Amino acid sequence: MVTENRKKVAILGATGHIAKNLIMGLSILKEYQMYLFARTREKLVTFLNVNNIADGISICDYEQFELADAYDVVINCIGIGNPQELVESPYSVFQITEKYDNLILNYLISSPTTIYINLSSGAAYGSDFTEPAIENKVLSLNINNLSVKDFYGISKLNMEAKHRSLNKHKIIDLRIFGFFSTYIDLNSKFLLTDVLGCIERNTILQTSAEDIIRDYIHPHDFLQLIILCMGKGVVNDAYDVYSLKPVSKFKMLEYFSAEHGLRFEILSEAICDSVTGSKNNYYSKNYKALNIGYKPQYTALQSVIDGYQQFRMRNKNEND
């Protein structure tokens, strides 16, 4: 159903974890006509029906994208959502990234007033996070010894470089370091999905003694940032996405242990938590998004707590 006088927003990768949160948030505001693109139409239809989302929604095929009248905004949520996919098919991260980014960039040629918001990643800084990202962080790559842990970040860096070269277009890259919500895919291999899996199965989580730092943006804060990026006066730029305060691994484990019965044991040997490299301080102190009015309201721990509470409630409703 198409509604007049609403901002036209195309969302690519509409069945993804982050995209689902954007669809929920934008649908509540009643100010946007959303054109949703997904490779699996059935999954998208199910999601919309379960959440009673119908007003201001058009479900589209990718073949229709370039044929449409001018969108006000295009949001690219397409990407590798599970690190295991990167291990099994490392070339796909380049192939998928290039295919859909070029589709959107070609569209911008005929629609230069359209705002393009791309969901990038903190991995664009590289795999060295002995210290958190800062504005003048220098990327270091061993070009003669590239491995799987480099590929994801290089694909994001390549996208951002292309976008900055098109400086006359309104293209914004949002570097996401962590996102957790009720729509997380439990089959994806992340620290928090491992935690949730152990709680659900009543098994013991094994982890290293290393206390890593992570950041998780709350869906409400992320929606605020997206809306700011859709406003007047936006320019071609990249912004790091951050919460009010990042959280340590053991602070999260203590919460899940005290509130939800998580059992964990600390192993003496080191464990690599990510196929994209060991990232002890995977968060940002580059607060440039303040310049466009972004002010996060939630800490990373609050984001995790709210997300898990909603996750449990949704699972309970689906099982009743």
Side-chain angles (χ1 to χ4, degrees), residues 1-82 85 92-120 155 159 162-163 166 169-174 176 179 181-185 219 222-223 225-227 229-231 234:
M1 177 181 176
V2 178
T3 308
E4 297 296 330
N5 302 320
R6 293 189 180 188
K7 185 169 287 188
K8 297 179 179 178
V9 180
I11 299 179
L12 280 66
T15 57
H17 176 203
I18 298 178
K20 287 178 179 177
N21 285 275
L22 289 179
I23 294 166
M24 288 290 293
L26 293 175
S27 68
I28 292 170
L29 298 176
K30 307 294 185 182
E31 299 173 11
Y32 304 92
Q33 172 65 35
M34 286 182 278
Y35 299 83
L36 307 181
F37 295 81
R39 283 176 287 182
T40 309
R41 189 184 185 95
E42 293 76 15
K43 288 183 180 180
L44 178 57
V45 170
T46 299
F47 166 74
L48 295 173
N49 289 341
V50 167
N51 292 283
N52 298 312
I53 303 173
D55 182 39
I57 296 293
S58 296
I59 300 175
C60 309
D61 297 321
Y62 282 105
E63 290 74 17
Q64 300 173 268
F65 179 77
E66 291 184 292
L67 305 176
D69 293 334
Y71 301 116
D72 295 299
V73 182
V74 175
I75 305 177
N76 184 5
C77 299
I78 293 173
I80 300 293
N82 187 346
E85 295 178 39
S92 65
V93 69
F94 297 104
Q95 189 177 35
I96 293 171
T97 300
E98 283 290 304
K99 177 181 178 180
Y100 293 100
D101 185 48
N102 287 337
L103 178 71
I104 299 168
L105 295 180
N106 288 336
Y107 180 82
L108 293 186
I109 294 173
S110 60
S111 182
T113 60
T114 296
I115 298 170
Y116 173 19
I117 302 173
N118 174 58
L119 304 195
S120 186
S155 71
M159 286 180 81
K162 284 195 302 178
H163 297 167
L166 295 166
H169 290 275
K170 298 177 180 179
I171 307 175
I172 300 169
D173 291 294
L174 297 179
I176 301 169
F179 193 96
S181 80
T182 181
Y183 301 113
I184 189 72
D185 179 4
F222 191 65
L223 180 64
L225 181 56
I226 288 288
I227 292 172
C229 291
M230 293 193 290
V234 297

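Please read all numbers here as calculations on a predicted model, not as lab measurements.
- Pairing each heavy atom of Leu108 with each of His169, the nearest pair is O-CE1, 3.5 Å.
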Worked check of side-chain contact (heavy atoms from CB on, under 4.5 Å) between Ile59 and Leu44: CA-CA 8 Å; Ile59 300 175; Leu44 178 57; 3.9 Å; yes

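- Not counting sequence neighbours, the partners of Gln95 by the side chain to side chain contact (heavy atoms under 4.5 Å, CB included) test are Tyr91.
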Leu174/Leu225 under side-chain contact (heavy atoms from CB on, under 4.5 Å): CA gap, chis, key distance, verdict: CA-CA 9 Å; Leu174 297 179; Leu225 181 56; 4.0 Å; yes

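- The ring-ring contact (aromatic ring centres under 6.0 Å, His included) check on Phe179 picks up His17, Phe222, with sequence neighbours excluded.
- In this structure, the side chains of Ile23 and Leu48 come closer than 4.5 Å at one or more pairs of heavy atoms.
- In this structure, the separation between CD1 on Ile11 and CG on Leu26 is 5.5 Å, given to the nearest 0.5 Å.
- Contact between Pro112 and Ile109 at its shortest, heavy atoms only, is CD-O, 4.0 Å.
- When the side chain to side chain contact (heavy atoms under 4.5 Å, CB included) test is applied to Lys170, the partners found at least two apart in sequence or on another chain are Ile115, Val234.
- One finds the CG atom of Leu12 at 6.5 Å from the CG atom of Leu103 (value rounded to the nearest 0.5 Å).
- Under 4.0 Å is where a charged nitrogen must lie from a carboxylate oxygen, and between Asp173 and Lys162 no such pair does.
- Residues Ala70 and Lys8 approach most closely at O-CD, 3.7 Å, considering heavy atoms.
- Remark: Ser92 engages Ile80, Ser89, Ile96 in a side chain to side chain contact (heavy atoms under 4.5 Å, CB included) (not counting sequence neighbours).
- For the ring-ring contact (aromatic ring centres under 6.0 Å, His included) test, residues two or more places apart in sequence or in another chain that qualify with Tyr62 are Phe37, Tyr100.
- Summarising the geometry, atom OG belonging to Ser111 is positioned 8.5 Å from atom CG belonging to Asp72; distances are rounded to the nearest 0.5 Å.
- Between Arg6 and Gln33, the closest heavy-atom pair is CB-N, 3.6 Å.
- The CG atom of Asp55 lies 9.0 Å from the OG atom of Ser27; values are rounded to the nearest 0.5 Å.
- Looking at residues two or more places apart in sequence or on another chain, you find a ring-ring contact (aromatic ring centres under 6.0 Å, His included) between Tyr107 and Phe65, Tyr71.
- By the 4.5 Å heavy-atom criterion applied to side chains, Met230 and Lys7 are counted as neighbours.
- Taking the side chain as every heavy atom from C-beta outward, Ser120 and Ile176 never approach each other to under 4.5 Å.
- Minimum interatomic distance between Leu223 and Gly25 (heavy atoms only, all atoms of both residues): CD2-CA, 3.7 Å.
- Rounding to the nearest 0.5 Å places CD1 of Ile171 at 9.5 Å from CE of Met159.
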Steps toward side chain to side chain donor-acceptor pair (under 3.5 Å) verdict (Asn21, Tyr183): CA-CA 8 Å; Asn21 285 275; Tyr183 301 113; over 6 Å; no

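- Between His163 and Leu105, the closest side-chain pair of non-hydrogen atoms falls below 4.5 Å.
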Stepwise side-chain contact (heavy atoms from CB on, under 4.5 Å) check, Met24 with Phe47: CA-CA 10 Å; Met24 288 290 293; Phe47 166 74; 3.9 Å; yes

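- With a 4.5 Å cut-off on side-chain heavy atoms, Leu36 and Cys60 do not count as touching.
- With Ile226 as the partner, the side-chain contact (heavy atoms from CB on, under 4.5 Å) test is satisfied by one option alone out of Val9, Ile75, Ile18, Ile172: Ile75.
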Chi angles and distances behind the side-chain contact (heavy atoms from CB on, under 4.5 Å) call for Asp61, Arg41: CA-CA 8 Å; Asp61 297 321; Arg41 189 184 185 95; 3.5 Å; yes

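- Heavy atoms only, all atoms of each residue included: Gly13 and Ala19 are closest at O-CB, 3.2 Å.
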